[in-house]
Structures are given as structure tokens and as C-alpha cells.
Amino acid sequence: MFLKKSFFAQNAVEVAKALIGKTLVFGDFQGIITETEAYRGSDDPASHAYRGPTPRSQIMFGEPGFSYVYLIYGMYHCLNIVTEPVGSPSAVLIRGLQIGSLLLDGPGKLCRHLNLNLSHHQKDLTKAPSFCVVDGINVKPKHILATSRIGIKQGLDKLWRFKC
DNA sequence: CGCAAGATTATT
DNA sequence: ATAATCTTGCGA
């Protein structure tokens with residue numbers, strides 16, 4: 001059974017941590033989530049939602065458990081999952097996936113391999129078995145590394161990147 | 001409407 | 001260190 005809306009409705013930092021070791025299912029692919037990052041709202045200058053809702057960031061203010069896919073640097077897609085209750089902007093960026101013996105380290109690489117694009121934006125991951133998150137391996141909190149996030153210039157004080 | 005910056009990656 | 005490549009959001 002896939003993870004419910006209530007799981008994603010928690011604080012983004014907690015969800016990001018809890019997603020490590022879970023299994024992402026996308027079509028015929030499924031892989032263990034190895035790396036995530038949390039992004040929040042007005043308290044997080046690195047977030048797309050920092051300056052309030054815009055056409056692009058409005059998704060982060062919406063229903064938890066929805067996909068947020070966007071194009072970065074004109075060539076790579078990034079997959080996020082919206083978290084926290086409606087009105088509380090936040091999302092978790094999926095940065096790493098282990099598919100069998102293949103390690104996809106990096107949000108762009110991961111989406112390229114899965115053929116994941118903008119057509120997969122704003123999908124409810126708590127409804128369809130073809131695009132969802134299910135239980136995976138149990139990773140002890142001691143084994144989860146927290147560091148500052150990658151590729152940003154603000155909010156580096158926050159240790160919101162989690163890795164196995 | 002123009003423009004700079006960007007949650008990246010592969011290559012030099 | 002930098003090119004590739006294009007959308008977004010801000011300022012004018």
C-alpha cells in the first residue's frame with residue numbers, strides 16, 4: 001500500500017527525512033530513495049515559495065502528496081513532492097534513487113532516466129499505483145546524514161538535505 | 001517587455 | 001571553471 005496523504009501532510013523536513021529508504025514507483029520503474037531535500041516557505045530564502053505564491057510556486061501551497069515537476073537551467077527536470085497541509089508552502093526534492101545496482105545521484109539524472117517530464121507535474125501520488133511512494137527498506141536515523149542543500153546560495157544554514 | 005538568475009550536469 | 005539552454009519573475 002502506498003503512503004497516504006497524512007504522511008505528506010507533515011513538516012517538509014520530517015517528510016524529507018522519512019522518505020529516505022522508501023520506494024518510489026513510477027510506471028515500470030521502482031527505486032529506493034537515497035537523497036532528498038526539503039524546501040519550505042517564508043522562512044526559507046532558497047525556496048520557490050519564499051516570495052509568496054506565483055504561477056510556478058502555487059503548487060507548493062496546495063494539496064500534499066502532489067508532484068511538483070519543473071525544468072531547471074533549460075535542460076533538466078526536477079521531481080518534488082508537495083508536503084504540509086494546504087496553505088503551508090513546502091515540498092521535498094527527490095535527489096537520489098537506487099534502481100537495482102544503478103545509482104541515480106542527482107535530480108536531473110534521475111528524471112532523465114525515468115523519462116519524467118512536465119506531463120507528470122501536479123499528479124496525486126496518493127491515488128495511483130503507477131506513480132506513488134511505497135514502503136522500502138528501514139533506514140535507522142543514525143545512518144541518515146543531514147547536510148546543507150546543493151546548488152543554492154541562500155539558506156545554507158539549514159541542514160535540510162538528507163542522504164543514506 | 002527585456003533581462004538576469006537559476007533546487008544541474010558533463011566536459012575542459 | 002564553464003557551456004548548454006529556456007523558463008520564471010522582477011523591474012521598467
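Protein chains get the first letters and strands the later ones, always in sequence-line order, with residue 1 at the start of each.
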Legend entry - Sugar-phosphate, base or nothing in reach of A/G74, heavy atoms under 4.0 Å: base
Inset, instruction - Nearest whole angstrom, please: distance from the C1' of B/dG6 to the OH of A/Y50. - result: 17 Å
Inset, instruction - Could you state the atom-to-atom distance from CG of A/L71 to P of B/dT9 in whole Å? - result: 13 Å
Legend entry - Expected output: side-chain A/Q98 to main-chain A/T34 donor-acceptor under 3.5 Å: no
Inset, instruction - Please work out if A/L93 contacts a base, only the sugar-phosphate, or nothing of the nucleic acid, heavy-atom cut-off 4.0 Å. - result: base
Legend entry - Nucleotide nearest A/I150 when distance is taken to its side chain, options C/dC6, B/dA10, B/dT8: B/dT8
Legend entry - Stacking check A/Y73 vs C/dA4 (5.5 Å / 30 deg): no
Inset, instruction - Let me know the distance between CD of A/E37 and P of B/dT8, rounded to the nearest Å. - result: 7 Å
Inset, instruction - Describe the nucleic acid contact of A/R149 in one word from base, sugar-phosphate, nothing, applying a heavy-atom distance below 4.0 Å. - result: nothing
Inset, instruction - Compare side-chain N and O positions of A/R95 against OP1 and OP2 of B/dT8 and report whether any pair is under 4.0 Å apart. - result: yes
Legend entry - Integer-rounded Å distance: C/dT5 C1' and A/N117 CG: 17 Å
Inset, instruction - Scan side-chain atoms only and decide if A/S47 and A/R40 contain a donor-acceptor pair under the 3.5 Å cut-off. - result: no
Inset, instruction - Using both distances under 3.5 Å as the test, list the Watson-Crick or G-U wobble partner of C/dT8, or none. - result: B/dA4
Inset, instruction - Would you mind reading off the distance between A/Y70 atom OH and C/dC6 atom P, rounded to a whole angstrom? - result: 17 Å
Inset, instruction - Mind calculating the distance between CG (A/L110) and C1' (B/dA7) to the nearest angstrom? - result: 13 Å
Inset, instruction - Measure from the side chain of A/R51, starting at C-beta and using heavy atoms only, and say which of C/dC10, B/dT9, B/dA7 lies closest. - result: C/dC10
Legend entry - For atom CZ of A/R40 and atom P of B/dA7, their distance in whole Å: 18 Å
Inset, instruction - Kindly say if A/K109 contacts the phosphate of B/dT8, meaning a side-chain N or O under 4.0 Å from OP1 or OP2. - result: no
Legend entry - d(OH, A/Y76; P, C/dA3) in whole Å: 15 Å
Inset, instruction - Give a yes/no answer on whether the side chain of A/H48 brings an N or O atom under 4.0 Å of OP1 or OP2 in B/dA7. - result: yes
